[in-house]
K.L.:
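Take this structure first; my questions come after.
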Amino acid sequence: MAFLEGVKVTKRFGGLAAILDLSFKIDQGGIIGLIGPNGAGKTTLLNLISGSLTPTTGEILFKGKRISGLRPHQICKKGIARTFQSVKLFGNITVSENILLGSVYGKPRGLSRTNHSTETSDLLKFLGLAGKRDVLAKDLNIVEQKFVELARALATKPDLLLLDELIAGLNPSETSLACDKIKEIKKKGITIFMVEHVMGVIMSLSDRVIVLNHGEKIADGTPEEISRDRKVIETYLGEDSEC
Amino acid sequence: MEGKHSPVNKLFFICFAWLVAATLPFYSPAYVLLSITSILMYVTLTVSWTIFCGPTGYISLATATFFGIGIYCAALLGSSLPAPAVVLCGGLAGLAFGVLVGLICLRLSGFYFAVFTFGLSELVRHSVLWWEHNVSGTVGRWVTGTSITQAFYSLLVIASLSILAAYLIRRSIYGMALKAIGESEEAAEHAGINVVVYRIAFFAISSFFMGMAGAAMAAKFTYIDPNSAFNPLISFTPVLMSLFGGIERDYGPILGAFILTFISEVLLSRFPYFYTLIYGIIFVVVILFMPRGLAGLLGSGHQHKFMDH
């Protein structure tokens with residue numbers, strides 16, 4: 001039984017197929033990178049897994065059970081959390097309240113209110129946000145907001161974390177900090193499925209990379225295999241790729 | 001927090017205000033009692049409106065619908081049931097219709113929500129008008145069964161309950177979840193919040209109080225017709241009153257309803273010809289110069305936090 005499995009998943013918007021007959025299997029543990037040119041269907045795939053979208057045909061299974069067709073809050077409670085390409089925070093409540101909501105409404109663990117508060121404080125510390133806990137989320141800069149969104153996702157206690165371009169827009173030092181955090185999250189046993197355009201990051205972090213183009217999988221393998229793949233070089237990486 | 005805002009002092013003030021209100025029928029003239037009753041009605045409508053619309057920021061313009069349904073409940077049941085049962089029926093009818101409206105406008109937010117709820121409440125008004133005209137064969141109905149003192153006590157209880165409900169919801173995790181829904185439904189849903197259930201449930205809770213207020217208030221009107229029961233002005237007033245009072249504080253909507261109802265009663269009796277003009281000017285001034293309402297002007301401004309106990 002695969003941890004996450006897609007069976008012949010197709011998503012059409014009108015006549016256009018954003019994802020076409022895509023099958024994939026992901027095992028628990030590790031970091032899986034998802035790359036491909038713009039419009040390849042990467043975010044659509046994350047939306048299908050997290051429940052924002054429902055497949056036109058095919059199905060998605062998580063821990064052997066069908067999740068496609070469930071609403072996002074049900075999928076969240078089963079242990080899948082995500083961040084968004086354009087940050088979606090609750091701007092007019094504080095940073096700690098953003099995270100607390102994830103903790104309370106995420107995967108049910110029968111915790112008391114105090115436990116949720118402790119969990120929130122731990123996450124604030126983990127992501128270096130302790131000093132900002134009582135600041136309204138909208139008053140943070142975009143990088144801090146990305147970290148709050150990550151913290152809120154982690155607060156739901158996911159087994160699978162979907163990251164949609166977390167690194168994009170970060171400067172080099174912020175990037176290396178984010179990479180360290182991603183590695184630490186992996187060590188906690190959380191499987192990470194991440195979309196990213198920053199090749200250096202994807203190639204160094206990922207245990208496995210899946211490449212999409214026009215909604216279809218064109219390559220799937222270790223970062224080394226991917227960087228040597230003719231098809232990937234032609235469609236995405238380009239001839240001068242240094243990966 | 002110490003001094004004049006300590007919890008003990010607050011509690012004392014609330015008990016005192018309640019005691020004064022509860023003994024009012026024994027010594028106040030009838031017209032004062034009548035005015036206070038309509039103040040309590042607007043307090044109920046405004047406070048219950050803010051239960052859902054405050055945290056989410058979705059402007060509902062369907063208050064008149066739930067209020068009118070309560071009034072019609074009283075007109076239909078007033079002669080056959082005891083007053084408290086009539087009020088409860090009005091509330092339950094409001095609740096049921098609130099669930100229905102909640103379901104219908106589930107996909108709507110922001111501007112669309114406001115326009116749609118207003119359209120819906122006009123549709124209800126005209127439907128009842130049509131029904132009364134073509135099916136019942138009447139224009140209006142007489143409301144029997146209660147006295148003004150009874151209406152006053154009913155509204156005192158309903159207003160107090162709605163204030164208590166609003167207070168508790170605001171301080172609970174539900175209040176925070178409603179805020180989250182107002183900010184981003186998609187993110188709230190992905191954080192595990194059942195947006196559909198929350199939207200319908202809390203919209204229906206506020207409709208429950210509006211329906212009860214209508215049923216209790218019917219006695220004051222004695223004669224009703226669809227145009228007075230479903231008066232669209234009733235939909236706008238709670239919005240104006242909560243903006244005037246300020247929705248960031250618990251007391252804001254109460255204060256807004258109290259002061260604006262009082263002002264409009266005074267204006268109506270002193271300057272019947274300039275009433276709406278003066279009322280309008282007051283409102284323009286408030287919106288322009290105190291966008292966070294009276295509460296924003298009085299308080300330090302920042303809303304209470306959920307986690308500081």
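Throughout, protein chains are lettered first and strands after them, A, B, ... in sequence-line order, and every chain is numbered starting at 1.
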K.L.:
Are any side-chain N or O atoms of A:Glu97 and backbone N or O atoms of B:Met176, one a donor and one an acceptor, separated by less than 3.5 Å?
P.N.:
no
K.L.:
What's the spacing between A:Ser50 OG and B:Glu189 CD if we round to 0.5 Å?
P.N.:
10.0 Å
K.L.:
More than 12 heavy atoms of other residues, nucleotides or ligands under 6.0 Å from CZ of B:Phe113: yes or no?
P.N.:
yes
K.L.:
More than 12 foreign heavy atoms under 6.0 Å from NZ of A:Lys78: is that the case here?
P.N.:
no
K.L.:
Answer yes or no: are there more than 12 heavy-atom neighbours, outside A:Phe24 itself, under 6.0 Å from its atom CZ?
P.N.:
yes
K.L.:
Under 6.0 Å from the CZ atom of B:Phe12, do we count more than 12 heavy atoms belonging to anything else shown?
P.N.:
no
K.L.:
Tell me, for A:Ile75 versus chain B, whether the close heavy atoms (under 4.5 Å) come from the side chain, the backbone, both or neither.
P.N.:
neither
K.L.:
Identify the two heavy atoms, one from B:Ala191 and one from A:Cys76, that lie closest to each other, and give their separation to 0.1 Å.
P.N.:
C-SG, 3.6 Å
K.L.:
Please examine the side chains of A:Arg71 and B:Val196, heavy atoms only from C-beta on, and report whether any two atoms are closer than 4.5 Å.
P.N.:
yes
K.L.:
For the side chain of A:Lys77 and the backbone of B:Gly192, is there at least one donor-acceptor N/O pair under 3.5 Å apart?
P.N.:
yes
K.L.:
Under 3.5 Å, is there a donor-acceptor pair linking the side chains of A:Thr156 and B:His190?
P.N.:
no
K.L.:
Does atom NZ (A:Lys11) have a neighbourhood of more than 12 heavy atoms from anything else shown, all under 6.0 Å?
P.N.:
yes
K.L.:
Is the count of non-hydrogen atoms from other residues, nucleotides or ligands lying under 6.0 Å from A:Arg109 atom CZ greater than 12?
P.N.:
yes
K.L.:
A side-chain contact here means heavy atoms from C-beta on lying under 4.5 Å apart; do B:Glu183 and A:Asn92 qualify?
P.N.:
yes
K.L.:
Counting neighbours of CZ on A:Phe126 that are heavy atoms of other residues, nucleotides or ligands and sit closer than 6.0 Å, is the number greater than 12?
P.N.:
yes
K.L.:
B:Ile173 vs A:Tyr105, test: side chain to side chain contact (heavy atoms under 4.5 Å, CB included). Steps then yes/no.
P.N.:
CA-CA 10 Å; B:Ile173 191 81; A:Tyr105 285 99; 3.8 Å; yes
K.L.:
Would you mind checking which part of A:Arg152 comes under 4.5 Å of any heavy atom in chain B, side chain (CB onward), backbone (N, CA, C, O), both or neither?
P.N.:
side chain
K.L.:
Name the option with the most non-hydrogen atom pairs under 4.5 Å to chain A; the candidates are B:Gly182, B:Ser184, B:Ala177, B:Ala187.
P.N.:
B:Ala187
K.L.:
Go through the steps to decide whether A:His73 and B:Val195 satisfy the test side chain to side chain contact (heavy atoms under 4.5 Å, CB included), and finish with yes or no.
P.N.:
CA-CA 8 Å; A:His73 75 94; B:Val195 173; over 6 Å; no
